[in-house]
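A short worksheet on the structure shown next.
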Amino acid sequence: MTSLKLPLEFYLSEDVITLAEKLLGKVLCTTINGKLTSGIIVETEAYKAPEDKASHAYQNKFTDRTKIMFRPGGIAYIYLCYGIHHLFNVVTGPGEKAHAVLVRALEPLDGIQVMLNRRKMQKVQPRLTAGPGSLSKALGITTALCGEPLTEKSSKIWLEDRGIIVQRVIRSPRVGVDYAEECAAWNWRLRIKDNDWTSKAK
DNA sequence: AACATGATAAACT
DNA sequence: GTTTATCATGTTC
C-alpha cells in the first residue's frame, strides 16, 4: 500500500508537461469520511506558471488562492470553479515555480458505490468521473483538502502507481482557455487513447 | 465582472 | 444514437 504511493521526488520535476503525461495511468485515491474511493487518471492538463496565461498564477500572480501553487510539489490544489465545481490539481515543481497539473477525468476503481451515492446516480456511466468537477465530487474532494500533502501517510488523498501501462497518449489543445491567447494553442491536454472514461471526443 | 464547468433540453444524424 | 446551446452558481479580485 504505502510502497505504491508516489514518492515526493516524483512531483518535484520542473517539466510539468512530462509530469502530466506520467500521471496518466496513476491512481488517485481518497478516504473521505472513512470511505475509500479511487480511480485511474485518464486525462490531465498541465499549467505552467508564470508564463502560462491560462494559469491562475500567470505572471506569478500571488493571491490567497494561488499561493498554494508556489509551494513545492506533492500537494493538492483545489479550487472552486463557477461557484459549484471543485477542481483537483496536483502542485508540482521544486517550489518558487507555481506549476500544477489539473486532473480532468478518472476511470473508477474502488468505492464505486460510494461515488454513485455522491453523484446521486443509479448505475455507472462514463460521466460519473469524466470531467474535473465530476471526478472531484465522486471522490468527495472539496476545498477542505486544499494544501493537503499527497505523500504523507496520514493524508486523506494520495496517488499510487499500480503498474498500469499507458498504451498511447493523445495531446490536444486545452479547452476553455480562449482568453489565454497564444497559450491556448499549447497542446498540454493529455489523455489516454481509446479510453471510454475520458470526457467526450476520441 | 470574470471564471481551467456540468446538467439539462432541444436539435441533429 | 450524438452534438449544440443555455444557464445555474459562489469565490476571487
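Note that the structure is predicted; figures quoted are calculated from it, not measured. Order of the sequence lines sets the chain letters (A, B, ...), proteins ahead of strands, with each chain counted from 1.
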Looking for any heavy atom pair under 4.0 Å, which part of the strands does A:Ser134 touch: base, sugar-phosphate only, or nothing? sugar-phosphate
Atom pairs under 3.5 Å, N or O on each side, protein against nucleotides 8-12 of chain C: can you list them with distances?
| unit_1 | atom_1 | unit_2 | atom_2 | d |
| --- | --- | --- | --- | --- |
| C:dT9 | O2 | A:Tyr82 | O | 3.0 |
| C:dG10 | O4' | A:Gly83 | O | 3.0 |
| C:dG10 | N3 | A:Gly83 | N | 3.2 |

Does a salt bridge link A:Glu160 with A:Lys5, judged by any charged N lying under 4.0 Å from a carboxylate O? no
note: A:Lys137, atom NZ; B:dT5, atom C1'; distance rounded to Å ~ 12 Å
Rounded to whole Å, the OH-C1' distance (A:Tyr47 to B:dC3) equals 11 Å
*Inspect the contact between A:Asp15 and A:Lys97 and indicate whether a charged nitrogen and a carboxylate oxygen are less than 4.0 angstrom apart.*
no
To the nearest angstrom, the CZ-P distance between A:Arg127 and C:dT3 comes to 15 Å
Whole-Å distance, A:Phe88 CZ to B:dT5 C1', equals 18 Å
### Message
Are more than 12 heavy atoms, taken from residues, nucleotides or ligands other than A:Glu51, located less than 6.0 Å from that residue's CD atom?
### Response
yes
A:Asp196 CG to C:dG1 P, in whole Å, measures 15 Å
Practice problem: For this output row, return yes or no: ring centroids of A:His56 and A:Tyr79 closer than 6.0 angstrom. | Solution: yes
A:Arg119 atom CZ is separated from B:dG6 atom P, nearest whole Å, by 9 Å
Separation of B:dA7 atom C1' from A:Leu135 atom CG, nearest Å, is 16 Å
From CG of A:Leu102 across to C1' of B:dT5 the rounded distance in Å is 11 Å
*Whether over 12 other heavy atoms sit under 6.0 Å from A:Glu182 CD*: yes
ask   = Do the ring planes of A:Phe70 and A:Phe62 sit parallel (below 30°), tilted (30 to 60°) or perpendicular (above 60°)?
value = tilted
For a 4.5 angstrom cut-off between non-hydrogen side-chain atoms, does A:Val16 reach A:Trp188?
no
Between A:Ser155 and A:Glu148, the two heavy atoms sitting closest are CA-OE2, 3.8 Å
The dot-bracket string of DNA chain C, counting Watson-Crick and G-U wobble pairs with both distances under 3.5 Å, using [ ] for crossing pairs and | for pairs to another strand, is ||||||||.|||.
Test side chain to side chain contact (heavy atoms under 4.5 Å, CB included), reference A:Leu106, set A:Ile41, A:Ile40, A:Val42, output is A:Ile41
